Amino acid sequence: MVLFAALYIMGCGRTGLPEKVLTEELKEGESWTDCLLEAVEREPYAYALIQVSADSADFSWGLCEDAAALAAEFSGKKEDGIRTEGNGEPWYFVKVRLEDGVYGTDIFDYFQQNLQEEGYEYEVLTMDEGNAYVIRQVWSRLLEEESRRCMRRSGVVRDGYLYILSCEGTRDENRESVNVRIRGFMKGFMTREDSGGWRMDEDKLYWADHTERISSLEDPKREFTEIRAVDINWPDKLMGYYGMLQEAKYWVKPAPDMPELAIRFRLAQNAEAGQETFLLNGFSMEEGYRMEIRDGEDGRLLQEENIELCMYRTDTVSFEDLDGDGYLDMRIVYPSYQSGADETEIAYERYFLWNAESRQMVSVEEEELKVRKEEAGAEPGSGTGEEGSQASGTEAKSVGYIVEKGDCLWSVAELYYGDGRRWTDIYERNRERIGDDPSLVLEGAELDF
């Protein structure tokens, strides 16, 4: 590498790492950021405080034995300032090996909670043909009817290491040049074939590091076990990982004076995480599940049969009195699997009515359900279960919430439901107030649940 060889001619410190890059020595298309990755290739814990002027980039390096030592030393050095002399831009660079139990979701949350600044937002993209990902802090402003998007900080996760590059002296007048340098740094992680990557949401970021997730919710009590599935078109790539429902359990009373039922759905195939591919370009039709219904008091098996569920959404089963006979029945929804469809869009539903004599859920067609409703004089959607309301994962609540600064539907869903993925429930109930874009929730808006 021409640039890196030149760095040693310019001089190295006692660490053996380059201390200065002269602008006049750079080749066309080169930047001082090009040296960072190669300079610390064999170092697990390293940082550099960098002062950039029109003539040069001056590096002050630190090498540490572990992450704790690096955090303590780097924090102190950074507080003291990055070389106060001159009028250059202060930058910093960090490389740290990720320990067990540190995940991309943790890094993303830390960036959002501790490094957020006015005018910036965070986004995650895959890199290196989907083998690494970058969490970048992007400044956006509508200026002269053109959107300017410039990076202020970039954190790249690859092969168990976290690399961060940030310009502490970012201002309106230098954002474009800072953006160019950080993009040049990111290119150091890409292969020639890499096209720049795909946008990752927080769910994909979770599955980049995990092979299982267990979540519990209430009203009714229910528990979901998900495992990582792999898109058949993107094996072993970050953008090809998705959560697949392996097991769902519900505990429901058909009526207030009846014993509780334990209802379990388990994926019929013997699929272990990472061994099977179930998705095709992010979309999957239903998969076969085995449904068991047991008496919650003595564990006696009441019903067992095969059934199909949507495998990449957990809470698609709800319990409500569908036919107005005073017992909770079971509704299963099947989302649209068409490319570009809104994930809240329902393609069709199936209905299972509780038979008090046989103590089983019996499948009925929509037309038969309508007849039963008419015979019972029940209005569609009226529940007569516990306290006369639905007992499902999408029940209405008489609670309002005033949106605060920094809120999004995901964070509000985590607060009220314990599951950020239920932001779609909130959006559907408040679509008229929010508008067509669920990401634009205005401060001060009141949301219903």
Side-chain angles (χ1 to χ4, degrees), residues 98 101-117 120-127 130-138 140 149 151-158 162 164 196-217 224-231 234 237-246 273 279 281-284 310-316 335 341-344 393 403-428 434 437-441 447:
L98 296 177
V102 178
Y103 303 112
T105 48
D106 302 320
I107 299 169
F108 185 81
D109 289 343
Y110 181 85
F111 269 49
Q112 284 193 310
Q113 296 170 15
N114 298 279
L115 303 175
Q116 188 64 270
E117 298 173 37
Y120 285 93
E121 60 186 33
Y122 282 95
E123 57 188 18
V124 185
L125 297 173
T126 60
M127 295 177 62
N131 294 308
Y133 58 87
V134 54
I135 302 172
R136 59 186 191 178
Q137 187 184 39
V138 180
S140 300
R149 295 177 58 79
M151 275 184 283
R152 152 84 163 78
R153 179 182 286 112
S154 176
V156 179
V157 178
R158 184 183 70 173
L162 168 65
I164 297 176
W198 287 260
R199 180 72 63 91
M200 297 175 69
D201 56 26
E202 291 186 59
D203 204 54
K204 286 188 175 65
L205 190 59
Y206 178 91
W207 291 112
D209 296 309
H210 299 78
T211 57
E212 184 179 80
R213 176 165 60 192
I214 298 176
S215 55
S216 300
L217 298 169
F224 307 108
T225 301
E226 298 169 86
I227 60 175
R228 183 164 70 185
V230 181
D231 193 308
W234 302 99
K237 305 291 185 182
L238 294 173
M239 64 283 229
Y241 292 151
Y242 296 83
M244 175 175 66
L245 179 64
Q246 184 182 46
L279 297 173
N281 279 335
F283 296 94
S284 170
C310 170
M311 53 74 74
Y312 74 89
R313 282 184 56 185
T314 53
D315 219 3
T316 59
D342 189 304
E343 66 177 75
T344 63
V403 176
E404 299 178 356
K405 184 177 181 179
D407 280 341
C408 63
L409 293 184
W410 183 283
S411 63
V412 176
E414 284 186 328
L415 177 65
Y416 275 83
Y417 296 124
D419 186 353
R421 292 167 297 172
R422 289 192 61 187
W423 69 267
T424 55
D425 295 338
I426 301 175
Y427 180 53
E428 282 304 297
I434 297 172
D437 188 349
S439 66
L440 297 177
V441 185
L447 303 178

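In this chain, numbering begins with 1 at the start of the sequence shown. These numbers come from the heavy atoms of this one structure, side chains and all, not from hydrogens, waters or symmetry mates. Remember, predicted model here, so these are calculated numbers, not experimental data.
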Is any side-chain heavy atom of [X] closer than 4.5 Å to a side-chain heavy atom of [Y]?
{"X": "M151", "Y": "E123", "result": "no"}
{"X": "Y241", "Y": "V230", "result": "yes"}
{"X": "R199", "Y": "L125", "result": "yes"}
{"X": "I434", "Y": "L409", "result": "yes"}

By salt bridge (charged side-chain N to carboxylate O under 4.0 Å, His left out) - contacts of [X] (at least two apart):
{"X": "R152", "value": "E117, E168"}
{"X": "D209", "value": "none"}
{"X": "R158", "value": "none"}

F111 vs Y122 aromatic rings, parallel, tilted or perpendicular, using cut-offs 30° and 60°?
-> perpendicular
Between [atom1] on residue [X] and [atom2] on residue [Y], distance to nearest 0.5 Å:
{"X": "L115", "Y": "I107", "atom1": "CG", "atom2": "CD1", "answer": "11.5 Å"}
{"X": "L162", "Y": "I135", "atom1": "CG", "atom2": "CD1", "answer": "7.5 Å"}
{"X": "M244", "Y": "E212", "atom1": "CE", "atom2": "CD", "answer": "11.0 Å"}
{"X": "Q246", "Y": "R213", "atom1": "CD", "atom2": "CZ", "answer": "13.5 Å"}
{"X": "M311", "Y": "T316", "atom1": "CE", "atom2": "OG1", "answer": "12.0 Å"}
{"X": "H210", "Y": "E226", "atom1": "NE2", "atom2": "CD", "answer": "12.0 Å"}

Heavy-atom closest contact ([X] atom, [Y] atom, distance):
{"X": "V134", "Y": "S154", "answer": "CG2-OG, 3.2 Å"}
{"X": "W207", "Y": "R228", "answer": "O-NH1, 2.7 Å"}
{"X": "G104", "Y": "Y133", "answer": "CA-OH, 3.0 Å"}

Applying ring-ring contact (aromatic ring centres under 6.0 Å, His included), name anything that partners F224, two or more places apart in sequence or on another chain.
->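 So F224 forms a ring-ring contact (aromatic ring centres under 6.0 Å, His included) with Y250.
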ring-ring contact (aromatic ring centres under 6.0 Å, His included) partners of Y110, counting only residues at least two apart | none
Measure from the side-chain N and O atoms of T105 to the backbone N and O of Y206, and report whether any donor-acceptor pair falls under 3.5 Å.
-> no
Is a donor on one side and an acceptor on the other found under 3.5 Å between the side chain of D109 and the backbone of D106?
->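 Pair absent, no side-chain N/O of D109 close to backbone of D106.
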Contacts of type side-chain hydrogen bond (donor to acceptor under 3.5 Å, both in side chains), residue Y120, not counting sequence neighbours | R175
Partners of E202 by side-chain hydrogen bond (donor to acceptor under 3.5 Å, both in side chains), sequence neighbours excluded?
->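 Per chain and number, E202 pairs via side-chain hydrogen bond (donor to acceptor under 3.5 Å, both in side chains) with no residue.
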Could you list the residues that satisfy side chain to side chain contact (heavy atoms under 4.5 Å, CB included) with D201, not counting sequence neighbours?
->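 Applying side chain to side chain contact (heavy atoms under 4.5 Å, CB included) to D201 gives D203, K204.
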